[in-house]
Protein chains: 2
Amino acid sequence: MLPSSRVTIRDVAARAGVSIATVSKVINQRYGVAEETNARVLAVIEELGYEASLVAQSLRNRRTNVIGILVADLEPFSTELLKGTADAIRGTGYELVIYSAGGRTSDHVGWERRYLSRLSGTLIDGAVLVTPTVTDVRYDAPIVAVDPHTGPSDLPTIDSDNLHGARLATEHLLGLGHRRIGMLTGRPDLQSAQLREQGYRAAMHDAGVPVEPELVQEGAYDPEIAVDAARRLLAGPLRPTAVFAANDLSAIAAIDVARDLGLRVPEDLSVVGFDNVPESALCTPPLTTVNQPIRQMGQRAVELLIQLIRDGQVPSTHITLATKLVVRRSTHSPAERTPLDH
Amino acid sequence: MLPSSRVTIRDVAARAGVSIATVSKVINQRYGVAEETNARVLAVIEELGYEASLVAQSLRNRRTNVIGILVADLEPFSTELLKGTADAIRGTGYELVIYSAGGRTSDHVGWERRYLSRLSGTLIDGAVLVTPTVTDVRYDAPIVAVDPHTGPSDLPTIDSDNLHGARLATEHLLGLGHRRIGMLTGRPDLQSAQLREQGYRAAMHDAGVPVEPELVQEGAYDPEIAVDAARRLLAGPLRPTAVFAANDLSAIAAIDVARDLGLRVPEDLSVVGFDNVPESALCTPPLTTVNQPIRQMGQRAVELLIQLIRDGQVPSTHITLATKLVVRRSTHSPAERTPLDH
DNA sequence: GTGAAAGCGCTAACAG
DNA sequence: CTGTTAGCGCTTTCAC
């Protein structure tokens with residue numbers, strides 16, 4: 001009874017005793033089909049559980065009503081963003097395809113160009129690129145970038161106020177009385193990472209606190225790399241009393257390292273993150289961090305993209321959302337340094 | 001210089017001065033291409049930034065090396081699961097496509113059948129169905145279900161020990177001294193929801209505590225529906241002193257409703273959730289909940305699916321992972337009821 | 001070693 | 001109103 005393999009338009013046509021073209025017309029509600037034929041074809045479609053192949057359709061058509069979200073990996077930031085894209089897609093008539101490179105193992109740099117090339121023109125009408133690694137993704141297909149690569153780019157972009165957020169984080173630590181404040185920086189090729197470091201340096205500078213080179217270590221937004229960086233930062237006798245990490249995952253890694261080293265957080269070491277992903281509240285102690293409206297960023301990105309697809313034009317080409325500090329339990333005034341400190 | 005529209009195999013062929021067939025052979029590393037031709041074509045591919053269209057390829061080929069994850073919506077549970085699928089996909093040579101219906105607005109029931117129909121046979125080699133709404137998705141394509149629909153199904157399945165988890169949650173509340181314990185149930189068509197209710201009832205029964213009908217309200221795993229259900233549960237004078245919600249999102253909704261009603265959590269009302277999604281730690285107070293190893297479930301689902309695709313067979317067809325209680329701050333011994341209580 | 005031609009499932013002219 | 005035909009981008013026999 002059930003078809004062992006995919007039921008195609010040809011099966012429907014055969015069973016309904018009409019041509020393939022007629023079935024296609026019925027599916028697409030084109031004029032010029034007799035009421036009776038229409039009904040019969042519809043019945044067969046129902047009976048066979050036929051559904052047009054997205055692949056075949058999109059090979060033939062220009063439009064697919066499918067939007068692609070291209071991510072390098074599925075981690076807290078990108079998945080949080082996905083929730084926002086889902087919010088925005090409801091009721092628009094578009095569907096969502098998320099394509100994931102499967103982490104850094106596959107292709108280093110330029111994954112989004114490759115994916116775009118593979119999917120665009122067919123399958124998707126446009127794409128949201130999440131933290132793309134290249135800047136010159138010029139295509140005729142509508143594209144919106146979230147947290148883009150550094151460098152000049154004319155792509156419509158969504159990001160948040162990284163500079164201000166980093167300033168807030170650093171000023172918070174300075175305000176608590178910290179002077180020796182280290183930083184775990186992000187992926188150097190991303191604008192967001194550069195701005196976060198810049199904000200940190202600016203706040204330190206304004207407070208008249210010098211930043212020694214060894215206080216800044218590259219965490220690359222990556223938990224594993226951040227662990228090594230945190231070790232370098234916290235190992236020496238001159239370790240900082242506070243650390244600002246460029247994202248929450250690095251901050252959590254730093255807390256783990258601190259614990260391994262026998263340091264208490266926040267008593268011996270204050271830690272501030274960035275992003276405010278849900279996970280930041282899960283760690284012990286709950287993380288003080290900078291909130292980025294990630295879901296909203298996803299939402300706005302999709303809205304912008306749909307506008308771009310529909311009108312080909314867009315009013316504002318760069319949207320920056322506000323960041324704000326969220327104080328939890330991982331920050332504290334610095335303890336008096338005792339000779340016992342290793 | 002840059003192609004204004006998609007560069008196809010035809011463009012490559014023309015520029016390299018060979019036939020389309022030859023380019024295809026080069027791409028697929030088939031034998032029978034002169035070394036020199038091979039090099040020239042490769043150079044042109046590089047120059048033009050050509051990448052084969054996934055759509056065209058998969059229309060022609062049986063295998064695509066792409067796995068589909070089909071979800072009804074992108075919410076905390078499914079996105080957490082996605083992280084697990086990403087963990088599992090690394091290094092397998094497969095890529096991940098997630099397809100989202102975009103929430104309940106689109107099609108009520110049977111979305112997964114529709115999607116499967118649209119994608120399977122073409123585009124994806126197999127699929128993971130997350131909380132599918134129907135049980136008879138029989139297809140020749142390999143399929144694994146996560147948290148499936150109720151009813152007999154021979155689909156390979158991943159779930160967690162819902163019955164035991166619900167028991168733990170309820171016994172925790174009973175142990176604190178609660179007797180009037182309400183429940184916000186899940187989506188009645190899902191096995192998980194039924195088992196969670198069953199576990200609750202069993203624990204209550206074992207403790208000799210009767211369950212009055214009005215103590216059980218359907219939250220459908222949906223925050224909005226759960227708000228109404230919670231209102232019904234908490235409005236009356238005989239309101240429970242504790243609520244067990246079938247998932248974290250409902251539990252969080254219950255806490256919101258309690259707050260609106262002027263009830264303090266946990267002093268006036270204890271709340272336990274289910275899932276332990278990251279968000280559960282974010283709410284105030286942090287939620288006591290039942291941990292489901294969601295990421296692991298995603299991981300196992302993908303592993304099982306790949307096995308199924310490769311071997312056509314699979315050793316175990318139903319994997320159930322353990323659940324455990326995570327006590328946070330939303331539960332407490334019941335307060336003495338005073339006449340002031342509304 | 002290379003290219004012409006057929007066909008994957010579908011849609012859009014165009015004839016009949 | 002309906003069916004025939006061409007072709008989307010690609011792979012694969014099969015001649016040359």
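Order of the sequence lines sets the chain letters (A, B, ...), proteins ahead of strands, with each chain counted from 1. The structure presented is a predicted model; accordingly, all values stated were derived computationally and were not measured. Side chains included, hydrogens not; waters and symmetry mates left out as well; all remaining heavy atoms used.
- Taking each heavy atom of Q57(A) and A52(A) in turn, the nearest pair found is NE2-CB, 3.5 Å.
- At distances below 3.5 Å, not a single donor-acceptor pair connects side-chain atoms of D125(A) with backbone N or O atoms of I67(A).
- OP1 or OP2 of dT11(D) has at least one side-chain nitrogen or oxygen of Q57(B) nearer than 4.0 Å.
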CA sep, side-chain torsions, deciding dist, call: Q191(B), T157(B), side-chain contact (heavy atoms from CB on, under 4.5 Å): CA-CA 11 Å; Q191(B) 234 172 47; T157(B) 293; 5.6 Å; no
Starting from the C-alpha separation in whole Å, work towards a yes-or-no answer on side-chain contact (heavy atoms from CB on, under 4.5 Å) for V26(B) and V18(B). CA-CA 11 Å; V26(B) 171; V18(B) 294; over 6 Å; no
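- Looking at heavy-atom distances under 4.0 Å, V55(A) makes no contact with the nucleic acid at all.
- Along DNA chain D, the nucleotide closest to A21(B) and the one closest to A56(A) are compared, and the more 5′ of them pairs with A56(A).
- In the set dT2(C), dT11(C), dC10(D), dC10(D) carries the atom at the smallest distance from any side-chain atom of S53(B).
- In this structure, T37(B) reaches the sugar-phosphate backbone alone: every heavy-atom distance under 4.0 Å involves primed, P, OP1 or OP2 atoms, never a base.
- The separation between L123(B) atom CG and dC8(C) atom C1' is 13 Å, rounded to whole Å.
- With dA12(C), dT2(C), dG9(C) as the choices, the nucleotide that has an atom nearest any side-chain atom of T22(B) turns out to be dT2(C).
- As rounded to whole Å, 12 Å separates atom P of dC1(D) from atom CD of E36(A).
- Closest to the S24(B) side chain, of the nucleotides dG3(C), dT12(D), dT11(C), is dT12(D).
- Nearest-nucleotide positions on DNA chain C place K25(B) closer to the 5' end than the other of K25(A) and K25(B).
- With rounding to whole Å, R10(B) atom CZ is found 10 Å from dC8(D) atom C1'.
- Within 4.0 Å of Y31(B), counting heavy atoms only, lies no atom of the nucleic acid at all.
- Taking atom CD of residue E35(B) and atom C1' of nucleotide dG1(C), one finds them 13 Å apart after rounding to whole Å.
- With rounding to whole Å, R63(A) atom CZ is found 16 Å from dT11(C) atom P.
- Taking only side-chain atoms of S19(A), from C-beta outward, the nucleotide of dC10(D), dT11(C), dT4(D) with the closest atom is dT4(D).
- Pairing each heavy atom of Y221(A) with each of L190(A), the nearest pair is CE1-CD1, 3.7 Å.
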Between R63(A) and I309(A), does the side-chain contact (heavy atoms from CB on, under 4.5 Å) criterion hold? Intermediate values first, please. CA-CA 10 Å; R63(A) 296 285 299 266; I309(A) 293 173; 4.1 Å; yes
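- With DNA chain C read from its 5' end, the first of the two nearest nucleotides for A34(B) and N61(B) is the one closest to A34(B).
- At whole-Å resolution of the value, CD in Q29(B) and P in dT12(D) are 13 Å apart.
- Taking atom CG of residue L54(A) and atom C1' of nucleotide dT11(C), one finds them 14 Å apart after rounding to whole Å.
- Taking the side chain of I20(A) as heavy atoms from C-beta on, and the options dT13(D), dT11(C), dC8(C), the nearest nucleotide is dT11(C).
- OP1 and OP2 of dT11(D) both lie 4.0 Å or more from every side-chain N or O belonging to R30(B).
- Taking only side-chain atoms of L59(B), from C-beta outward, the nucleotide of dT12(D), dT2(C), dG9(C) with the closest atom is dG9(C).
- Considering only side-chain atoms of I27(B), the nucleotide from dT11(D), dT11(C), dG9(C) that sits closest is dT11(D).
- Across dC1(D), dG3(D), dT11(D), the shortest atom-to-atom separation from the side chain of R60(B) is found for dT11(D).
- As rounded to whole Å, 17 Å separates atom P of dG9(D) from atom CG of N28(B).
- Side-chain atoms of A52(A) lie closest to dC10(C) of the nucleotides dT2(D), dG3(D), dC10(C).
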